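This structure is a prediction, so every number in the text was calculated from the model and none was measured.
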Amino acid sequence: MKTNPLKDGVVSENSTGIGTVSRKMVLDRAGELAVINGRPPGVVSESDLDQAKRELTGGSDADPNQAVLESAPESERWDPLPGSNGRKVRTAASEDEDDEGRSDNERLVEEGIEGAEHDQMLQATREAAKKENG
């Protein structure tokens, strides 16, 4: 089931709507990720940029290689009863749910939790750096 692309990505940051994700926003977020990973904000890696873009645009958090493996149908990954075809059950489509069955509210709560975790990691890293420097 395809989801509404307008429902993907970060909606707000610190209770302020972010609008369209810009290159500067991705670079700022990548700088924060670099700080969390123990590097100066100016030393941004390619993986920091990729992660920042995924976080801000609602992309998958999974490793692309792992995503390819998981995209294979379950029937091709493992066959519990060889020779049994089984039957497919119809699924009810809902605009309020994504591919994982999460509602809009669940996605917003998850987004808020992820944002809070990011802010906590960034703050903890900055406080630890202050203690080390004096």
Side-chain angles (χ1 to χ4, degrees):
M1 176 173 80
K2 295 196 178 213
T3 58
N4 183 344
L6 297 176
K7 294 182 180 179
D8 289 342
V10 177
V11 176
S12 65
E13 185 172 312
N14 296 326
S15 301
T16 305
I18 66 167
T20 304
V21 176
S22 68
R23 178 81 176 144
K24 181 183 180 326
M25 292 168 70
V26 173
L27 290 173
D28 290 345
R29 182 64 158 233
E32 292 174 355
L33 293 170
V35 169
I36 289 170
N37 291 318
R39 296 186 309 275
V43 182
V44 175
S45 70
E46 191 68 32
S47 64
D48 292 334
L49 286 170
D50 291 342
Q51 182 178 349
K53 186 174 181 180
R54 280 193 314 269
E55 287 180 2
L56 293 173
T57 60
S60 172
D61 288 339
D63 176 26
N65 294 330
Q66 185 68 23
V68 169
L69 291 174
E70 291 180 5
S71 68
E74 188 74 27
S75 62
E76 292 179 14
R77 289 190 256 167
W78 181 59
D79 189 3
L81 296 173
S84 171
N85 292 335
R87 62 184 174 89
K88 185 173 182 174
V89 179
R90 287 185 35 191
T91 57
S94 172
E95 282 189 29
D96 294 338
E97 293 182 351
D98 63 6
D99 292 337
E100 298 171 1
R102 298 177 304 171
S103 69
D104 290 343
N105 290 340
E106 288 173 298
R107 284 194 304 273
L108 288 172
V109 168
E110 254 183 53
E111 180 184 308
I113 291 170
E114 289 170 1
E117 287 174 347
H118 175 84
D119 290 345
Q120 287 176 343
M121 288 188 294
L122 183 61
Q123 186 64 31
T125 303
R126 287 180 175 160
E127 288 177 10
K130 283 181 185 177
K131 288 181 182 177
E132 286 179 10
N133 295 331

Which atom of Ala34 lies closest to which atom of Pro40, heavy atoms considered: CB-O, 3.8 Å
Just to verify, what does Asp50 make a side-chain hydrogen bond (donor to acceptor under 3.5 Å, both in side chains) with, not counting sequence neighbours? none
Tightest non-hydrogen contact, residues Met25 and Leu56, listed as O-CD1, 3.6 Å
Can you see which heavy atom on Ala52 is nearest to which on Ala30, and at what distance? CB-N, 3.6 Å
Sort out for me which residue in Val35, Ile36, Val43 forms a side-chain contact (heavy atoms from CB on, under 4.5 Å) with Arg39. Val43
Give, for atom CD1 of Ile113 and atom CD of Gln120, the distance between the pair rounded to the nearest 0.5 Å. 11.0 Å
Same hydrophobic cluster for Val21 and Val44, using side-chain heavy-atom links shorter than 4.5 Å among ILVMFWY? yes
Mark yes or no for whether Glu106, through its side chain, and Ser103, through its backbone, hold a donor-acceptor pair below 3.5 Å. yes
Would you call Leu49 and Leu33 a side-chain contact if the rule is heavy atoms closer than 4.5 Å? no
Can you run down the side-chain hydrogen bond (donor to acceptor under 3.5 Å, both in side chains) pairs that involve residues 121-134, sequence neighbours left out, and say none if there aren't any? Gln123-Glu127
When rounded to the nearest 0.5 angstrom, what distance separates NE2 in His118 from CD in Glu55? 6.5 Å
